There are 2 protein chains.
Amino acid sequence: MAGEARAEGLGKAGQLDFPRPLTTVDVVIFAILDDRLGVLLVQRPAGDGEPFPLSLALPGGFVDVAKDRDLAACAARKLKEKTGVTSPYLEQLGSWGSAVRDPRGWSATHAYFALIPEEAGVLTPDARWFPIRDGRLKERLAFDHGDILATAIQRLRNKVEYTSLPAYLMPAEFTLPDLQRVYEIVLDRPLEKSAFRTRILSADMIEPVAKMRRGPNRPAQLYRLKKGREPVYFVRTFNPPE
Amino acid sequence: MAGEARAEGLGKAGQLDFPRPLTTVDVVIFAILDDRLGVLLVQRPAGDGEPFPLSLALPGGFVDVAKDRDLAACAARKLKEKTGVTSPYLEQLGSWGSAVRDPRGWSATHAYFALIPEEAGVLTPDARWFPIRDGRLKERLAFDHGDILATAIQRLRNKVEYTSLPAYLMPAEFTLPDLQRVYEIVLDRPLEKSAFRTRILSADMIEPVAKMRRGPNRPAQLYRLKKGREPVYFVRTFNPPE
DNA sequence: CACACTTAGTTGTACAGTCCAACTTATTTA
DNA sequence: TAAATAAGTTGGACTGTACAACTAAGTGTG
């Protein structure tokens with residue numbers, strides 16, 4: 001059943017004449033939707049010989065040795081194809097490779113995770129957002145994509161404790177309570193308002209714009225991300241649950 | 001020059017009939033030697049068609065689809081082949097893949113990093129320890145192994161700020177000043193004795209053995225790692241350099 | 001055999017940043 | 001004008017590091 005790949009070899013040395021694993025890239029794309037953390041999933045094709053036909057899966061696919069200069073470019077290409085987003089937060093998550101994860105043979109995938117603002121999404125028709133509840137996705141995924149997603153959620157939660165990553169989930173302009181809400185959504189626990197504000201404001205990562213968000217009560221200052229900012233690392237975590 | 005690999009295809013679908021990248025695994029193996037952080041390197045073979053003949057490189061090589069169940073097993077196998085160590089701290093570092101990193105063609109490597117106690121090393125003759133000075137290796141490495149090593153050093157330093165990783169570099173029994181010294185070697189800066197002791201002792205990661213290390217002055221309590229301990233994450237970093 | 005020397009280990013004050021709770025402020029709506 | 005609500009501030013308690021001085025337990029030397 002499994003397709004085997006053999007190199008043509010190198011003449012005298014001939015050391016490349018052995019089976020090669022399949023090489024893919026998958027992308028875990030997060031955004032905040034409807035006051036929830038969401039992940040973008042696609043449906044697998046139904047063609048003959050396709051593994052996991054019609055199952056849900058992470059967007060991804062084979063590395064195209066003609067098109068992709070490197071792995072990050074491949075991940076960026078797949079992100080752009082599905083969402084139209086070109087300059088998000090894109091970080092390598094890890095790689096998963098084994099003899100059994102793909103019925104077509106030994107395969108290894110390089111997983112990335114991306115954070116984009118909800119608004120940025122101009123999705124292709126095959127892609128849909130799915131909510132993460134209680135730190136988990138309800139749906140089952142193709143391949144080992146469930147493991148990959150679980151790792152991505154864990155990494156995101158972990159980093160949110162001590163970095164400014166949620167800033168990349170925000171629209172262009174946002175208030176401090178907005179940002180705190182996003183932290184709370186990802187961590188799934190409430191945070192202290194005053195400690196949160198002190199931490200964020202002293203990190204020099206956002207700047208106020210000359211506008212307020214108006215609502216049915218006291219207006220809130222609008223901020224935007226400072227340009228070209230790397231993620232900020234804080235020297236403490238928020239106080240962990242216990 | 002580059003070898004190309006094509007799958008045999010899958011009959012009707014035929015979707016696997018395209019070139020596959022080479023797949024390798026490399027391992028960055030750290031230990032403390034002679035009061036310095038050291039990394040284990042091997043010399044590339046000199047055969048015909050071999051890239052970077054006789055250059056220094058990280059231990060690693062092609063995934064063997066017959067022998068290796070998964071990537072971690074492949075990394076553990078390579079670690080064992082070079083050092084004889086079987087149960088070290090082994091963590092995935094990331095993956096590097098591009099069209100140009102290997103002259104034999106599009107290739108992707110899955111990099112791991114390992115921490116082992118100095119004493120554990122029963123090395124194969126082709127492997128040697130090299131010191132890391134000022135956070136860098138003096139020697140040039142084959143492929144993009146210099147980048148991979150730099151990333152590994154950075155990751156190690158970063159994690160040492162807030163985890164118990166250096167414990168895996170220690171021999172079976174060690175004193176608290178020994179452990180502090182290893183932290184200081186990796187971070188390349190002095191740490192506060194009392195804060196260090198408080199942190200480590202309250203982390204419940206080590207336990208005293210009924211022995212003292214005797215020397216030319218006051219004896220020091222010997223400790224060992226508690227069994228089956230995962231690395232510990234502290235809620236604060238040590239105070240950063242500036 | 002006292003005493004200097006060295007390293008192990010402790011103690012106490014200062015300080016930084018979070019936790020917690022109460023407070024003030026700015027706006028809408030009844 | 002008062003109630004309601006969310007934004008934003010203030011202050012004391014608590015936790016853990018920074019810094020520095022201290023005590024403890026050995027060896028080596030005159």
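Below, all heavy atoms of this structure are taken into account, side chains as well, without hydrogens, waters or symmetry copies. In what follows, chains carry the letters A, B, and so on, assigned in the order in which the sequence lines appear, proteins first and then strands, with residues in each chain numbered from 1. Predicted, not measured: the structure shown is a model, and the values here were computed from it.
- R101(B) and S107(B) share a donor-acceptor pair across their side chains, judged by distance under 3.5 Å alone.
- In this entry the distance linking CZ of R213(B) with P of dT27(D) reads 15 Å, nearest Å.
- Distance F234(B) CZ to dG17(C) C1': 19 Å, rounded to the nearest Å.
- Between the CZ atom of R189(B) and the P atom of dC19(D) there is a distance of 11 Å, rounded to whole Å.
- The C1' atoms of five pairs define one axis at each end of the helix from dC1(C)-dG30(D) to dA30(C)-dT1(D), and these two axes lie 20° apart (to 10°).
- D35(A) pairs by the side chain to side chain donor-acceptor pair (under 3.5 Å) definition with R181(A), not counting sequence neighbours.
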Polar atom pairs (N or O), protein with nucleotides 28-30 of chain C, under 3.5 Å:
from	atom 1	to	atom 2	distance (Å)
dT28(C)	O4'	P216(A)	O	3.0

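- When the C1' atom of dG8(D) is taken as reference, atom CZ of F196(A) falls 14 Å away, rounded to whole Å.
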What nitrogen or oxygen pairs link the protein and nucleotides 9-11 of chain C at under 3.5 Å?
from	atom 1	to	atom 2	distance (Å)
dG9(C)	OP1	Q221(B)	N	2.7
dG9(C)	OP2	R197(B)	NH1	3.4
dG9(C)	O5'	R197(B)	NH2	3.2
dG9(C)	N7	K193(B)	NZ	2.6
dG9(C)	O6	K193(B)	NZ	2.7

Taking only distance into account, with no hydrogens and no angle test, what donor-acceptor pairs under 3.5 Å do side-chain atoms of residues 166-179 of chain A form with protein atoms, sequence neighbours excluded?
from	atom 1	to	atom 2	distance (Å)
Y168(A)	OH	R229(A)	O	3.1
E173(A)	OE1	K211(A)	NZ	3.0
T175(A)	OG1	D178(A)	N	3.1
T175(A)	OG1	D178(A)	OD1	3.3
T175(A)	OG1	D178(A)	OD2	3.2
D178(A)	OD2	T175(A)	N	3.1
D178(A)	OD2	R213(A)	NH1	2.8

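- Taking atom CD on E192(A) and atom C1' on dA7(D), their separation rounds to 15 Å, with Å as the unit.
- Every residue two or more places apart in sequence or in another chain was checked for a ring-ring contact (aromatic ring centres under 6.0 Å, His included) with F130(B), and none qualifies.
- In this structure, I200(A) places its CD1 atom 15 Å from P of dA7(D), rounding to the nearest Å.
- The CG atom of D178(A) sits 12 Å away from the C1' atom of dA7(D) (whole-angstrom rounding).
- Side chains of Y223(A) and Q221(A): a donor-acceptor N/O pair is absent below 3.5 angstrom, by distance only.
- Here the side chains of Q43(B) and D126(B) are not in contact, with every heavy-atom distance at 4.5 Å or above.
- We find that OH of Y233(B) is positioned 21 Å from C1' of dG16(D), with the value rounded to whole Å.
- Side-chain atoms of Q92(B) and S95(A) form a donor-acceptor pair, as typed in the model, at a separation below 3.5 Å.
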